[in-house]
Amino acid sequence: MNRAVLLSGGMDSTCIAHWKRPKFAITINYGQRAAAGEIRASKAICEALGIEHIIVQADISSLGSGDMAGLPPSNSAPATEWWPYRNQFLITVAAMKCHALGIQELMFGTLKSDSFHTDGTGPFFQSVNHLLGLQEGELQITTPAIDLTAKELIEVSRTPLEILAWSHSCHVHEISCGFCRGCEKHFNTMGKAFGHQY
Ligand SMILES: [Zn+2]
């Protein structure tokens with residue numbers, strides 16, 4: 001069975017790539033402000049892990065909101081980086097590519113701590129799987145880290161610092177800004193996982 005990971009180049013999807021070693025990694029340039037940094041990180045991670053890297057261009061920047069789109073967050077945003085229906089869109093675009101590549105399993109890097117985003121929860125992914133199952137293609141979405149914290153995922157996946165050092169978590173720029181929620185989570189998690197080495 002061919003498998004792929006949806007690879008943003010952030011810590012969580014990087015750990016899943018290292019842990020599960022799928023044949024393919026799919027990175028989507030959807031017009032997010034950090035796209036160039038995410039693509040650069042994903043490319044380096046795939047080269048290091050021997051995973052075939054696929055980049056898909058699907059610009060929806062005109063439909064975004066929040067930090068990642070360079071716009072003010074909407075009134076219903078649970079966090080400043082919230083982008084309406086983003087995960088649903090990313091899964092659909094990746095599913096189209098999976099169909100073309102003959103992939104049956106797409107792994108998505110959501111964590112226990114992502115549950116404040118409704119589109120990062122178990123019920124959301126169960127519903128997406130149900131929806132995909134109503135259609136041709138026989139693709140399944142799996143979430144190997146949904147019951148783990150970021151630190152637990154690093155431990156379970158045994159992802160070393162030399163791989164995670166490539167990861168890019170900034171929400172607002174292709175070079176880490178050091179101030180956004182993505183950068184803050186990155187530094188906190190790396191500090192907890194690697195302590196003085198980092
Ligand atoms: Zn940042």
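Counting starts at 1 for both ligands and their atoms, following the listed order. Just so it is clear, the structure is predicted and the values come from calculations on it, not from any experiment. We use all heavy atoms of the structure for the numbers below, so side chains are in, but hydrogens, waters and symmetry mates are not. Along the sequence shown, residues are numbered consecutively beginning with 1.
Annotation for Q104: atom CD counts as buried by contact number, over 12 foreign heavy atoms lying within 6.0 Å.
Grouped with L71 in a hydrophobic cluster is no other residue, since no side-chain heavy-atom contact under 4.5 Å to another Ile, Leu, Val, Met, Phe, Trp or Tyr is found.
For Y30 and W83, the distance between ring centers is under 6.0 angstrom.
Note on residues 35-65: no pairs pass ring pair (Phe, Tyr, Trp, His ring centres under 6.0 Å), not counting sequence neighbours. The list of ring pair (Phe, Tyr, Trp, His ring centres under 6.0 Å) pairs with a residue in residues 94-114, not counting sequence neighbours, reads F108-F125.
Results of the side-chain hydrogen bond (donor to acceptor under 3.5 Å, both in side chains) test with S169 over K185, E38, E184, H186 single out H186 as the only residue that passes.
With waters left out, the protein N, O or S atoms under 2.8 Å from the Zn ion (ligand 1) add up to 4.
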